[in-house]
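To start, the structure under review is shown below, and the notes come after it.
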Amino acid sequence: QVQLVESGGGLVQAGGSLRLSCAASRRFFSINAMGWYRQAPGKQREFVATITTDGSTNYADSVKGRFTISRDNAKNTLYLQMNSLKSEDTAVYYCNIVGAMSWGLRSSDYWGQGTQVTVSS
C-alpha cells in the first residue's frame, strides 16, 4: 500500500500564496493521473488541477492563471502553488494519484488525508 501525505496548508490573507505538497510513501510502478481536488464546507469535492505523465496540465476555470500544479518524480512528490488566493479558495485540499504499485496490478485510486486552506478576506 502507499500513503499520500499532504502538507503546506494554513491560514493566509486574501491575495497571499501557499504551496501544497503531496508526498507518496512509495514509488509507483505506473501512474495514470495525478491531481488536486478540494472540498469546501457543505459542498461536494471538486476538481482543481491535474498533471499527466508527460507534464500536460489542466485546471478548473476558477483557479486558472492563479494555481500551478507540478511534480517531482525523483521525490515522489506532487505540488500545488496557489497565488492570489481568494476567500472562495477556502477548503480542504486533497491530492489524488491513480496508478499501479507494481507490474501486473491494476491501477487504483489513492487519496491523501487532506490539508486545510483558509483564506481570510
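Bear in mind that the values here come from a model prediction, so they are computed numbers and not experimental data.
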* Asked: Can you tell me how far CG of L80 sits from CZ of F67, rounded to the nearest 0.5 angstrom?
  -> 6.0 Å
* Asked: Which distance, rounded to the nearest 0.5 Å, do you find between the OG1 of T53 and the CD1 of I31?
  -> 8.5 Å
* **Atom pair OG (S102) and CZ (F28), whose distance is rounded to the nearest 0.5 Å** => 11.5 Å
* Could you tell me whether D89 and K86 make a salt bridge, using a distance below 4.0 angstrom between a side-chain N and a carboxylate O? => no
* To do: Heavy atoms only: give me the nearest V117-G9 pair and the separation to one decimal.
  => CG2-CA, 4.1 Å
* Asked: Is the backbone N or O of C95 less than 3.5 Å from a side-chain atom of E6, with the two atoms forming a donor-acceptor pair by type?
  -> yes
* To do: Check for a donor-acceptor pair, side chain of R45 on one end and backbone N or O of Y93 on the other, with a separation under 3.5 Å.
  => no
* Structure fact -> In this structure, CZ of R106 is separated from CG of N32 (nearest 0.5 Å) by 11.0 Å
* Where the side chain of S25 meets the backbone of Q3, is there a donor-acceptor pair that is under 3.5 Å apart? -> yes
* **Main-chain N/O of Y79 paired with W36 side-chain donor or acceptor, under 3.5 Å** => yes
* **For the student: nearest non-hydrogen atoms of S107 and A100, plus distance** => OG-N, 4.0 Å
* To the nearest 0.5 angstrom, please state how far the CD atom of Q39 sits from the CD atom of Q116. => 11.0 Å
* Asked: Under a 4.5 Å cut-off applied to non-hydrogen side-chain atoms, are M82 and R66 in contact?
  -> no
* **Nearest heavy-atom neighbours spanning A24 and V2** => CB-CG2, 4.2 Å
* Hey, would you say the Y59 and F47 ring centroids sit under 6.0 Å apart? -> no
* Does a side-chain heavy-atom distance below 4.5 Å link Y94 with L20? -> no
* To do: May I ask you to decide if L11's main-chain N or O and T118's side chain share a donor-acceptor pair within less than 3.5 Å?
  => no
* Asked: Any chain of hydrophobic side-chain contacts (each under 4.5 Å) joining I97 to W111?
  -> no
* Do V5 and L78 sit in the same hydrophobic cluster, where Ile, Leu, Val, Met, Phe, Trp and Tyr count as joined when their side-chain heavy atoms come under 4.5 Å apart? -> no
* Asked: Under 3.5 Å, side chain of T77 to main-chain N/O of K75, donor-acceptor pair present?
  -> yes
* Structure fact -> What one should report as the nearest heavy-atom pair of S121 and S87 is CB-CB, 4.3 Å
* Can you get from L18 to V92 by hopping between Ile, Leu, Val, Met, Phe, Trp and Tyr side chains that sit under 4.5 Å apart? -> no
* Asked: Would a hydrophobic clustering, with Ile, Leu, Val, Met, Phe, Trp and Tyr connected at side-chain separations under 4.5 Å, put Y37 with L85?
  -> no
* **Main-chain N/O of V119 paired to T90 side chain as donor or acceptor, under 3.5 Å** => yes
* Asked: Between OG1 of T52 and CZ of R71, what distance do you get to the nearest 0.5 Å?
  -> 7.5 Å
* Asked: Any donor and acceptor pair, going by atom type alone, linking the side chain of N96 with main-chain N or O of Y110 inside 3.5 Å?
  -> yes
